[in-house]
Chemist: 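Here it is, the structure in full.
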Number of protein chains: 2
Amino acid sequence: MRRSSRRVTQAEVARLAGVSQATVSHVLSGSSEVRIGEETRQRVLDVVRRTGYTANPVAQRLAGGRNRIIGVFTYEPVFPRDRSDFYHPLFVGIEREAEAQGLDLLLFTSAPVRSGRRRLLDDGASRLGMADGCLLLGQHDDKRDLAELIGRGFPFVFVGRRESDAGLVPYAAADYAAATQAVVERLVDLGHERIGYLGDLGPNESHKDRRAGYHAAVAAAGLRPVLLDGTSIDGDTALDLLLDNRLTAVAVGDFVLPHALLDAARRRGLSVPGDLSIVQLGDPSAAHTAELSGFRIPREEMGTAALQILTGIIAGDLPQEQWQQTLPCSLITGETAGPPTTPTTTPRRTPALSGAAGSPAPVDPTRPGDTAAAPTSEDPA
Amino acid sequence: MRRSSRRVTQAEVARLAGVSQATVSHVLSGSSEVRIGEETRQRVLDVVRRTGYTANPVAQRLAGGRNRIIGVFTYEPVFPRDRSDFYHPLFVGIEREAEAQGLDLLLFTSAPVRSGRRRLLDDGASRLGMADGCLLLGQHDDKRDLAELIGRGFPFVFVGRRESDAGLVPYAAADYAAATQAVVERLVDLGHERIGYLGDLGPNESHKDRRAGYHAAVAAAGLRPVLLDGTSIDGDTALDLLLDNRLTAVAVGDFVLPHALLDAARRRGLSVPGDLSIVQLGDPSAAHTAELSGFRIPREEMGTAALQILTGIIAGDLPQEQWQQTLPCSLITGETAGPPTTPTTTPRRTPALSGAAGSPAPVDPTRPGDTAAAPTSEDPA
DNA sequence: GATCGGCGCTGATGCGCATCAACGGTGAGG
DNA sequence: CCTCACCGTTGATGCGCATCAGCGCCGATC
């Protein structure tokens with residue numbers, strides 16, 4: 001095991017080919033301004049082939065060139081243990097695009113996950129510079145992180161829409177607003193007049209967009225919006241909330257609640273969609289989408305698009321108008337949306353929970369997005 | 001957006017602290033031989049804090065230091081689309097250990113997957129040098145890859161046992177031999193006298209180990225080994241093969257076949273384990289393990305162990321005896337292994353498939369591992 | 001015949017850091 | 001008093017590469 005065998009350098013190749021190191025560099029760079037004679041070029045390439053020379057990416061990078069490495073920062077573990085891999089579809093798209101473009105991916109796993117999230121500024125910032133640019137993924141979007149990144153002028157792209165006062169935030173996002181509007185409009189078309197929104201009422205962009213779509217559809221139909229806080233409540237509590245508000249349809253913006261709600265409704269003898277229509281606003285867990293009406297988030301495409309934007313920014317040939325891309329969601333017809341029926345039986349309340357303290361109260365803001373803050377949701381993108 | 005704001009360098013810190021760049025380097029390196037006065041040290045650290053200086057990993061690496069980046073090379077896509085993520089449990093362990101040690105992970109996604117696998121030497125070789133060391137994962141183990149890596153003296157660790165003529169191959173592997181031996185011994189204890197091995201008969205180490213365990217158990221019991229090629233056959237064909245050989249129990253070393261075989265047997269009215277006991281030799285898809293007897297591969301631990309070995313090698317403080325680690329598999333009792341019953345009904349053959357051409361013939365080698373070559377299996381580790 | 005421009009190539013430089021040899025200073029020992 | 005060891009610090013060097021300015025050479029032009 002000869003540890004001595006150091007790797008071949010350009011200087012070595014140059015010596016063997018009888019040229020200068022600079023010439024080797026030019027030959028290998030290819031599309032340089034400098035011209036190299038065909039004979040010399042072939043001589044160099046021959047030596048490269050014979051010696052098996054391969055460029056040292058580290059030196060390339062230090063010398064100011066690109067190294068075709070893309071950093072990937074996730075606020076949560078890339079490979080979670082507990083549930084099915086949330087990032088997986090995103091990474092499928094990212095890896096495919098990386099392979100297509102010949103890029104390597106640097107996962108910033110060194111930043112420890114503390115209280116559920118990684119910290120970009122404290123731990124990851126230094127390592128960022130290793131890559132040509134960086135992809136950001138995850139539910140958190142510390143405004144300081146964004147401002148810092150923008151301030152540095154370091155190329156980055158967020159997966160999921162983000163906004164910052166510090167400047168333009170490049171992103172690849174799903175069009176939650178349009179998709180939500182579409183599914184709520186469908187409920188309107190089906191004849192519903194009391195359509196609620198149950199979900200995260202916090203400032204996260206992905207939920208703001210859903211609410212905006214909801215408000216647009218409801219307003220267009222001349223209906224009254226009913227916003228309910230759906231964070232950290234179970235299916236029964238949610239159902240009570242809906243019944244209290246005498247809703248016939250609800251758009252649910254959380255990604256476990258729709259199933260819990262469906263279960264609770266059926267358990268109590270309510271017919272879905274007969275007595276209650278349920279649409280879910282995007283669902284990361286494809287396994288459960290079979291039945292529920294709603295829409296699908298184009299995660300794989302988001303990953304691909306994000307990486308394409310990033311390489312465009314790095315190359316400097318992507319106009320700023322294209323730094324933000326919004327991808328359409330595909331609608332899922334499902335089986336939980338249907339025309340409302342006049343209730344023949346009085347909806348049964350759960351006695352124990354009826355009017356229980358701590359049950360979230362309905363919110364009815366005058367302006368979209370102007371609702372009470374709520375804990376962060378479980379849906380990062 | 002001031003793209004001009006270049007990042008802070010040691011030289012910058014040195015200037016502000018009124019010391020030399022070398023001093024800054026020494027202060028930050030910490031455990032150097034060189035001593036720095038406490039006052040100077042604090043002055044430097046203050047400036048570092050104020051400026052938010054962070055070391056440039058590229059320069060660190062080029063200058064001969066470590067950069068705390070671990071390369072990860074997989075022969076197949078890291079994030080596969082078609083089936084449940086095979087690498088996932090491995091990566092869970094790797095990521096956890098990387099986080100614990102403050103390491104970043106560089107995924108070599110730039111090497112295109114051609115005809116089902118990535119090529120290490122052609123595409124990935126150059127990029128390898130970017131990292132302090134490298135983890136190799138996947139079903140293929142090109143002997144030239146191994147020889148090349150060993151020859152370079154580049155630190156690497158394989159996940160899964162690998163051997164090479166070129167030298168010691170560091171790995172973290174599952175103890176397939178012991179686990180297989182244990183489950184086959186259990187079949188022996190249950191009273192079986194005709195126990196077959198159905199699986200990959202190729203040279204892949206993971207299958208060689210399984211066969212070795214099988215042979216050990218069978219030989220100890222004074223039984224005759226029956227090796228059957230289980231690659232690329234369906235459940236019915238496999239079942240015919242077993243019936244032809246009048247086996248009462250079989251150890252199956254492929255990871256979809258056991259389920260197909262079980263289905264086929266039950267479909268044909270055979271009782272399992274009454275008429276036929278089936279044990280599977282490790283199963284990557286945890287979703288299906290509920291029923292089948294066999295053993296579980298400690299994938300997460302393999303990932304963790306591999307990374308620990310690698311950092312040990314990089315640090316130079318891991319004795320060579322510990323460069324290869326074999327982890328025990330946990331046995332799964334399951335419901336498909338039981339005592340044999342004297343067959344009251346003649347096993348039913350499928351007429352159409354009986355003796356059909358192309359049906360793999362049984363193999364009965366005199367020496368373990370000395371069997372006909374077979375296509376690569378689906379089990380990488 | 002002197003000038004010019006373009007072609008083909010090279011020397012020098014620096015990226016940011018780790019590392020080494022060495023230097024001045026200080027106190028202890030002879 | 002001189003020597004010596006040791007401490008704290010520094011200048012110099014090089015990692016492998018990209019890049020820039022510029023060199024010598026050639027034929028073409030005036």
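So you know, we letter chains A, B, ... as the sequences are listed, proteins then strands, and number each from 1.
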Chemist: Tabulated below should be each protein N or O lying under 3.5 Å from an N or O of nucleotides 8-10 of chain C; please produce it.
Modeler:
from	atom 1	to	atom 2	distance (Å)
C:dC9	OP1	A:Thr40	OG1	2.1
C:dC9	OP2	A:Gly37	N	2.1
C:dT10	OP2	A:Ser20	N	3.2
C:dT10	OP2	A:Ser20	OG	3.3
C:dT10	OP2	A:Thr23	OG1	2.3

Chemist: Between the side chains of A:Arg68 and B:Ser110, is a donor N or O closer than 3.5 angstrom to an acceptor N or O?
Modeler: no
Chemist: With DNA chain C as reference, determine whether A:Gln21 or B:Ala11 sits nearer its 5' end, using the nearest nucleotide of each.
Modeler: A:Gln21
Chemist: Please confirm whether the shortest side-chain N or O distance from A:Ser25 to OP1 or OP2 of D:dA18 is below 4.0 Å.
Modeler: yes
Chemist: Using whole Å, report how far CG of B:Asn56 lies from P of C:dC15.
Modeler: 12 Å
Chemist: So, the side chain of A:Glu76 versus the backbone of A:Gly138: is there a donor-acceptor pair under 3.5 Å, distance only?
Modeler: no
Chemist: Using only heavy-atom distances, determine whether the side chains of B:Thr304 and B:Glu97 contain a donor-acceptor pair under 3.5 Å.
Modeler: no
Chemist: Can a donor-acceptor pair under 3.5 Å be found between the side-chain atoms of A:Gln10 and the base atoms of D:dA18?
Modeler: no
Chemist: Verify the ring-centre separation between A:Phe91 and B:Phe79: is it less than 6.0 angstrom?
Modeler: yes
Chemist: Could you pull out the closest heavy-atom pair between B:Cys134 and B:Val72, with the gap in Å?
Modeler: SG-N, 4.4 Å
Chemist: Could you grab the distance from atom CG of B:Asp104 to atom CD1 of B:Ile70, nearest 0.5 Å is fine?
Modeler: 9.5 Å
Chemist: Could you report the tightest heavy-atom contact between B:Glu205 and B:Arg161, atom names first, then the distance?
Modeler: CB-O, 3.3 Å
Chemist: Write down the distance between CD (A:Glu12) and C1' (D:dC17), rounded to a whole number of angstrom.
Modeler: 15 Å
Chemist: So how far off straight is the helix from C:dG1-D:dC30 to C:dG30-D:dC1, going by the axes through five pairs at either end, to 10°?
Modeler: 70°
Chemist: Taking atom P of D:dC17 as reference, at what distance in whole Å does atom CG of B:Leu62 sit?
Modeler: 9 Å
Chemist: Would you say B:Gln60 places a side-chain N or O within less than 4.0 Å of OP1 or OP2 belonging to D:dC15?
Modeler: no
Chemist: What closest approach, in Å, do B:Ile36 and B:Thr23 show between heavy atoms, and which atom pair accounts for it?
Modeler: CD1-CG2, 4.0 Å
